[in-house]
Peer 1: 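Just passing along the structure, written as structure tokens.
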Amino acid sequence: MTTRVSTLKMISNENEDIFDNRPKTPPKESCCGSGCNPCILDVYEKLLKQWEERKKNNILIERKKNVISPTSLNTFVVSDNYKASKDYIFLWLEYKGNINNNRSLYLIPGQYIILRYGSMSKAYTPISWSETSLMLLIKVYPSGRFSQLLNNAKKNDEFEIRGPYGDFIYNINSFHEIIMFSIGSGITAVYPIAKVIVENEEEETKINFIAGFQSISCVPLKKELQNLADYWNFVCTLHISEDLVSDTNQSIHGINIENERLSKQSVYNYLQRNQKPNTTLILICGTDEFNHSIEQWSRENNYSHIHVFR
Ligand SMILES: Cc1cc2nc3c(=O)[nH]c(=O)nc-3n(C[C@H](O)[C@H](O)[C@H](O)COP(=O)(O)OP(=O)(O)OC[C@H]3O[C@@H](n4cnc5c(N)ncnc54)[C@H](O)[C@@H]3O)c2cc1C
């Protein structure tokens, strides 16, 4: 798995440069009408306002030729699709267009894309990417329309992608510790951020990675988390809420396992053990209820540097 280490600078597409190009108006039919967040037409309105503002103030932003764009759809084909765990699959998508003029795929860890097939669109957070391809980790729901479609996707099937979206910006060594709380597929937002930090030799930030799943057999990225646990600054604890672990065969070397749902008490314990709220960042990704509770408990423990991936 190769992860591109992105610079955390403002990234724009060639069609969003301020002097030669205003953002291109997306055709009306590029909105699928299914209430995506963000809708391509809203993104266009926002980028247009930003462009007008920059033009007024004569500000030039760095121009990189990204193969994906927040305001237009680009075709990708499935290059691989395989099981990641009981409920999860990995899906590799390869850019179908020409790669020339230094065009490349630029993503900041934690950013998401909108994947579209026919009139259906859903958001996904790439966990890994190269210059022309990206890898998604997808939870397959028995009655999930899009996740079932992706589960059954075959090599060379075509999907359209727009993005990237997401406003999380991280600066190297800006916190003493980052505590990452996720449940289920929320792991996709925090894992790439943990990886990029842990693999950066210049980083002195510690990562406390806490992820909740129903059972050990559901947990994706086991090997990847074990690899990160070999580094001095990464500690991982998995909270298993339903099929509790009683068998040592289910233990994962280097990873702590707790047989309990992430409760208020356990979250309080993580927060109070840390003791450095002013220099600690809290990252949260899960259901609305989970996000709300963890954010509230963090604030009750005097943490104010909090980012929720929604
Ligand atoms: C910014 C963002 C990034 C995302 N990134 C990822 C990602 O990287 N990987 C990933 O797998 N998903 C991700 N999602 C969720 C994804 O967009 C879809 O919502 C998910 O794949 C389900 O879509 P579906 O069409 O299969 O299910 P739907 O047809 O919408 O739902 C069918 C049924 O599936 C179940 N279901 C669906 N979603 C949930 C849920 N979140 N919790 C509990 N039950 C649910 C429910 O029973 C629901 O009734 C992300 C969502 C957002 C907003």
Side-chain angles (χ1 to χ4, degrees), residues 1 3 32-40 42-43 46 68 70 76 78 80-93 105 107-129 133-153 157 159-169 180-196 209 211-215 218-221 224-225 239 241-242 261-262 283-295 307-310:
M1 196 154 74
T3 299
C32 65
S34 61
C36 302
N37 183 13
C39 169
I40 192 166
D42 296 340
V43 174
K46 192 173 158 196
I68 59 171
F76 280 64
V78 174
D80 212 350
N81 178 1
Y82 55 98
K83 235 176 161 34
S85 71
K86 190 171 143 245
D87 298 339
Y88 288 80
I89 56 160
F90 290 123
L91 186 78
W92 271 106
L93 293 160
L105 179 62
L107 284 168
I108 293 174
Q111 282 189 314
Y112 66 96
I113 49 107
I114 300 279
L115 195 57
R116 176 167 167 170
Y117 186 86
S119 61
M120 276 196 288
S121 302
K122 283 279 154 89
Y124 293 97
T125 313
I127 57 162
S128 177
W129 52 95
S133 64
L134 52 83
M135 186 197 219
L136 303 176
L137 173 67
I138 290 148
K139 176 160 186 186
V140 180
Y141 295 95
S143 57
R145 289 209 311 150
F146 209 80
S147 58
Q148 284 295 342
L149 181 92
L150 297 175
N151 190 32
N152 295 319
D157 280 357
F159 287 85
E160 288 175 304
I161 288 181
R162 63 180 167 92
Y165 307 109
D167 54 4
F168 175 68
I169 297 284
M180 301 183 175
F181 291 103
S182 68
I183 48 168
S185 61
I187 196 171
T188 58
V190 285
Y191 167 75
I193 299 168
K195 186 172 187 321
V196 91
F209 193 95
F213 290 94
Q214 285 172 355
S215 69
C218 292
V219 179
L221 301 173
E224 290 80 358
L225 293 173
H239 279 253
S241 59
E242 286 178 17
R261 186 177 288 277
L262 254 174
L283 298 184
I284 306 169
C285 192
T287 59
D288 288 348
E289 191 190 345
F290 175 85
N291 294 346
H292 177 77
S293 301
I294 305 278
E295 183 174 1
H307 184 92
V308 182
F309 295 89
R310 295 174 209 279

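Both ligands and their constituent atoms are indexed starting at 1 by order of listing. Quick note: numbers below take in every heavy atom, side chains included, and nothing from hydrogens, waters or symmetry partners. As the structure is a prediction and not an experimental result, all values here were calculated from the model.
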Peer 1: Using modelled atom types and a 3.5 Å cut-off, is there a donor and acceptor pairing between side-chain atoms of N81 and backbone atoms of N152?
Peer 2: no
Peer 1: Atom CG of D87 and atom OG of S147: how far apart are they, to the nearest 0.5 Å?
Peer 2: 10.0 Å
Peer 1: Have a look at Y112, Y141, Y124 and point out the one with the heavy atom closest to atom 41 (N) of ligand 1.
Peer 2: Y141
Peer 1: Does some non-hydrogen atom of L137 fall short of 4.0 Å from ligand 1?
Peer 2: yes
Peer 1: Does K139, backbone or side chain, put an N or O under 3.5 Å from an N or O of ligand 1?
Peer 2: yes
Peer 1: Check whether any protein heavy atom sits under 4.0 Å from atom 49 (O) of ligand 1.
Peer 2: no
Peer 1: Find all atoms of ligand 1 within a distance of less than 4.0 Å from any non-hydrogen atom belonging to T125, and give their numbers and elements.
Peer 2: 3 (C), 4 (C), 5 (N), 6 (C), 7 (C), 8 (O)
Peer 1: Checking contacts now, so for atom 46 (C) of ligand 1, which I'm interested in, is there any protein heavy atom under 4.0 Å?
Peer 2: no
Peer 1: Can you measure from OG (S128) to CG (L221) and round to the nearest 0.5 angstrom?
Peer 2: 10.0 Å
Peer 1: To the nearest 0.5 Å, what is the distance between CG (L136) and CZ (F159)?
Peer 2: 9.5 Å
Peer 1: One thing to verify: whether K86 and E242 come together as a salt bridge, which I'm taking to mean a side-chain N less than 4.0 angstrom from a carboxylate O.
Peer 2: no
Peer 1: Regarding ligand 1, does Q148 bring an N or O atom to under 3.5 Å of one of the ligand's N or O atoms?
Peer 2: no
Peer 1: Name the closest protein heavy atom to atom 29 (O) of ligand 1, giving the residue it belongs to and the distance to 0.1 Å.
Peer 2: R145 N, 3.0 Å
Peer 1: If you measure from each heavy atom of I138 to ligand 1, is any distance below 4.0 Å?
Peer 2: yes
Peer 1: Looking at side-chain heavy atoms only, is the closest gap between Y191 and L225 below 4.5 Å?
Peer 2: yes
Peer 1: Does F146 approach ligand 1 within less than 4.0 angstrom via side chain, backbone, both or neither, non-hydrogen atoms only?
Peer 2: both
Peer 1: For atom 26 (O) of ligand 1, what is the closest protein heavy atom, and at what distance to 0.1 Å?
Peer 2: S147 OG, 2.6 Å
Peer 1: Kindly compute the distance separating CZ (F213) from CD1 (I183), expressed to the nearest 0.5 Å.
Peer 2: 9.5 Å
Peer 1: Please verify whether a non-hydrogen atom of R310 lies at under 4.0 Å from ligand 1.
Peer 2: yes
Peer 1: Suppose we measure from atom 18 (C) of ligand 1 to each protein heavy atom; which comes out shortest, and what is that distance?
Peer 2: K122 CD, 3.6 Å
Peer 1: Please evaluate residues V190 and F181 with respect to the criterion side chain to side chain contact (heavy atoms under 4.5 Å, CB included), reporting the C-alpha separation (whole Å), side-chain torsions for both, the decisive distance (0.1 Å), and the verdict.
Peer 2: CA-CA 8 Å; V190 285; F181 291 103; over 6 Å; no
Peer 1: Hey, looking at atom 7 (C) of ligand 1, which of I114, L136, T188, I183 has the closest heavy atom?
Peer 2: T188
Peer 1: To the nearest 0.5 angstrom, please state how far the NZ atom of K195 sits from the CD atom of E224.
Peer 2: 8.5 Å
Peer 1: Of the choices S143, A189, S185, which has the non-hydrogen atom that lies closest to atom 32 (C) of ligand 1?
Peer 2: S143
Peer 1: Looking at the rings of Y117 and F146, which for Trp means the six-membered one, are their centres under 6.0 Å apart?
Peer 2: no
Peer 1: If you measure from atom 14 (N) of ligand 1 to every heavy atom of P38, P126, A123, which option wins on shortest distance?
Peer 2: A123
Peer 1: Considering heavy atoms of the protein only, find what lies nearest to atom 31 (O) of ligand 1 and give residue, atom and distance to 0.1 Å.
Peer 2: G144 CA, 4.2 Å
Peer 1: Should T287 be counted as touching ligand 1, given the test is an N or O pair under 3.5 Å?
Peer 2: no
Peer 1: Any side-chain to backbone donor/acceptor pair from Q148 onto Y141? Under 3.5 Å, distance only.
Peer 2: yes
